[in-house]
Amino acid sequence: MSAENRSREPAKRVFAGEIREADEIYKESDDEYAPSYLLLPSGGKANRLLIGGTLTEVEDIGSGDDEYWRARITDTTGTFLVFAGQYQPEAAAKLRELNDDPEGVPSFVTVVGKPNEFDPDDGDTIITIRPESISVVDGDTRNKWLAETAQDTLDRLEPMEGELVERAANHYGSVKEDLTQTTIEALETLQDETDE
Amino acid sequence: MPLTEPIEGVNMSTQDSDEEGDDSPDLTEMAEDIRSRISDDVDVDVDEVEAKLDSFINGFQVPEAEAERSTINKLAKERDMTSDELLGGGDGDSDGDADFVNIEDIDDDEEWVSVEAKFVDDWTDDNDSDSIAQVGLLDDGTDRIKFVSWAKSELPLLAEGESYRLTNVTTDYYEPKDRYSINLNSQTEVEMLDEDIEESDQDSEVELTGAFVSMQSGSGLIIRDVETGRPVQNDSDAEETEYDLRIKGVLDDGEQAHQILFNREMTEAVTDIRMEEAKEMAREALDRGVVAEEMAPDLIGNFYKVTGRKVGDYVLVDEFEEDTELPDVDSLLVKARSM
């Protein structure tokens, strides 16, 4: 497959609660340039993610002059970990800006990025986000993200069969009920907010 | 049990010896009644209906009304349809086939229709459901529509680029994405056409929604070669150049990443940065690039609804609005709770 034929991967909307359950990144072909996908517990795959929530913490955990930014973003179902270093200059610049801004934390943000496997010495694989862009957004946009993510998550959870559905079930076991519950809770927070 | 008591004024002639008796339902009559309620398009005969009724009523002691319902349901399931489709299908014509329609006129859910269209885009590889044999895009010259061919129906596979007459398909409306598609099912007839159906106007208006996730290079304050109109670099040896503003971006709805293009007018409107201001910014920074840098954060992360003409890989935006419309949260909750 030439680079021209490969079209840009869509950014899947996924809750932090679901990312927390995920730990499998795979490739569909042996081609060096083939995209890698995160196997989603709800039954799907994501090469790129669109995540959102409240930025609760920004810190430079790099050593010396090398900046390495870590950000924590919570979306009511859980917390995303975002890491931006020298290879993510735009995102790193944004985090630096938010760190320096007294109003930077807390704020609503959305992040477009790629899932990344992090294997700590002690403990299970966790999935972190390697950001392509980080944006500060308003409450309406954050609600919109939440609603779309709930809808897309339910759409992934609904089918009983399909290659990815089966693959996720085999790898993650039965997490559908938990994820459905997670989605319900997220929708309930949204309902509370939009009822005002 | 035959009636033994005479009723005043009523002529109680004896029963026909063929009938099973007053209290037993006449299965054939019931079957005929059911068959007449079923769409003409559907391949089912009275014997089959009667056999099923018999099984429910006599085999399993199911009451008549329930048996009728169950029979219809079973007949529908065996044909990959809903009961509504089984009963409501077709147009009542004596030829039994659903009316041919233009794709652009499809605006009703669960209708039987027929179309003549070209298979323009095959999406089967991107689909991982075992129950789907084929999925893709059909174009009949008036518009395009997604279609699904269900594996259970065992229909002949369509070849990309070929034109077909598809008789007796059902329409389907997917509310979350506000779009229609058609289902090729066990009642569908597939006939390849010799003629090549001309595709609908590529420049036709499309409406897209999604999150603006990326601003691509070639955005912001650009320079064009006046003679060719093409964007050029600073060191271009074009005789005459002029400035222009534009944004090349990606609007991503979670399923597809659409490339969109804002021309000068649209760029000024969506970023609130006019040409003069942009030139000023570039002059001060001695770098055209600052304009795109200034524009990007205002757009990325926002949701938009855009309409425009599709030209090549891009949709040229001629209308846009920020989209903060939420889907119906209450009905999503109802759906989630029932899962």
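Convention: sequence-line order gives letters A, B, ...; per-chain numbering from 1.
- A:Arg48 contributes a side-chain N or O that, together with a main-chain N or O of A:Glu9, makes up a donor-acceptor pair within less than 3.5 Å.
- For B:Asp313, no part lies near chain A; criterion is any non-hydrogen pair under 4.5 Å.
- Interatomic distance, OH of A:Tyr26 versus CG of A:Leu39, reported as 5.5 Å (0.5 Å rounding).
- Highest contact tally toward chain B, considering only A:Glu188, A:Glu161, A:Lys144, A:Glu158, is held by A:Lys144 [criterion: heavy-atom pairs under 4.5 Å].
- Other residues, nucleotides and ligands contribute at most 12 non-hydrogen atoms within 6.0 Å of the CZ atom of B:Arg230.
- Proximity to chain B is limited to the backbone of A:Val165, based on heavy atoms less than 4.5 angstrom apart.
- Contact annotation for B:Tyr174: only side-chain heavy atoms (C-beta onward) come within less than 4.5 Å of a heavy atom of chain A.
- Between chain B and the options A:Gln151, A:Arg167, A:Lys12, the largest number of non-hydrogen pairs under 4.5 Å is found for A:Gln151.
- Taking the charged nitrogens against the carboxylate oxygens, B:Lys310 and B:Glu205 have no contact shorter than 4.0 Å, which rules out a salt bridge.
- Note: A:Ala147 leads A:Ala150, A:Ala147, A:Gly52, A:Ala46 in heavy-atom pairs under 4.5 Å with chain B.
- Side-chain N or O atoms of B:Ser181 include none that pairs as donor or acceptor with a backbone N or O of B:Lys146 at under 3.5 Å.
- Contact tally against chain B (heavy-atom pairs below 4.5 Å) for A:Thr149, A:Leu50, A:Leu187: the top residue is A:Leu187.
- Annotation: side chain of A:Glu57 is not in contact with side chain of A:Val105 (no heavy-atom distance under 4.5 Å).
- Interface summary for chain A: among B:Asp323, B:Asp130, B:Asn127, B:Asn302, the most heavy-atom pairs under 4.5 angstrom belong to B:Asp323.
- Heavy-atom distances place both the backbone and the side chain of B:Asp330 under 4.5 Å from chain A.
- Among the candidates A:Ser133, A:Pro159, A:Ala11, the residue making the largest number of heavy-atom pairs closer than 4.5 Å to chain B is A:Ala11.
- Between chain A and the residues B:Gly254, B:Ser129, B:Pro327, the most heavy-atom pairs under 4.5 angstrom are made by B:Gly254.
- Residue A:Leu157 touches chain B through both its backbone and its side chain, counting heavy-atom pairs closer than 4.5 Å.
- Taking A:Leu154, A:Asp140, A:Asn143 one by one and counting their heavy-atom pairs under 4.5 Å with chain B, the maximum is reached by A:Leu154.
- Residues A:Thr125 and A:Asp119 bring a donor and an acceptor atom of their side chains to less than 3.5 Å of each other.
- Classification of the B:Phe147-B:Phe119 ring pair by plane angle, with boundaries at 30° and 60°, yields perpendicular.
- Ranked by non-hydrogen atom pairs under 4.5 Å with chain A, the options B:Thr324, B:Leu333, B:Leu326 are led by B:Leu333.
- Atom CD of A:Glu90 is surrounded by 12 or fewer heavy atoms from other residues, nucleotides or ligands within 6.0 Å.
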